[in-house]
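Below is one structure, written out as structure tokens; comments come after it.
We use all heavy atoms of the structure for the numbers below, so side chains are in, but hydrogens, waters and symmetry mates are not.
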Amino acid sequence: MINLSGSSTGDPEMADYVARCLGDNKLAGECLGFELTETVAIGNVQTCGTLMSRLRGLGCVIAPR
């Protein structure tokens, strides 16, 4: 499980980076999980929601479920 910081959730290229890493290493998204604290999520609901949706679309696990 990878903990996401506020700065990483605000990075517009984060989901693309994760997608590239998965593809480059021939890994399924299910192999990678992310955790987001409530403090980070509340700080920028819109941006975090968009990132979490994109990561889920890649098949990544988002905790807590």
Side-chain angles (χ1 to χ4, degrees):
M1 204 54 69
I2 298 169
N3 292 320
L4 293 174
S5 68
S7 61
S8 62
T9 59
D11 183 347
E13 296 181 21
M14 180 64 171
D16 293 334
Y17 173 74
V18 171
R20 274 192 316 276
C21 288
L22 290 170
D24 290 350
N25 293 286
K26 297 177 178 42
L27 294 172
E30 295 85 13
C31 295
L32 197 54
F34 293 93
E35 185 174 20
L36 185 67
T37 65
E38 292 88 9
T39 305
V40 171
I42 291 170
N44 197 338
V45 175
Q46 179 70 31
T47 302
C48 288
T50 300
L51 176 61
M52 295 298 109
S53 293
R54 291 194 61 204
L55 293 174
R56 278 191 189 101
L58 294 171
C60 297
V61 177
I62 306 297
R65 292 184 143 205

Next item on the list: Please report the closest heavy-atom contact between Pro12 and Arg54, naming both atoms and the distance.
Entry: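 Looking at all heavy atoms of both residues, the shortest contact is O-NH1, 4.3 Å.
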
Next item on the list: Supply the atom-to-atom distance Arg56 CZ to Leu58 CG, rounded to the nearest 0.5 angstrom.
Entry: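 Arg56 CZ to Leu58 CG: 12.0 Å, rounded to 0.5 Å.
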
Within the structure provided, determine whether [X] and [Y] are in side-chain contact (heavy-atom separation under 4.5 Å).
| X | Y | value |
| --- | --- | --- |
| Met52 | Leu4 | yes |
| Val18 | Phe34 | yes |
| Leu51 | Leu36 | no |
| Leu32 | Leu22 | yes |

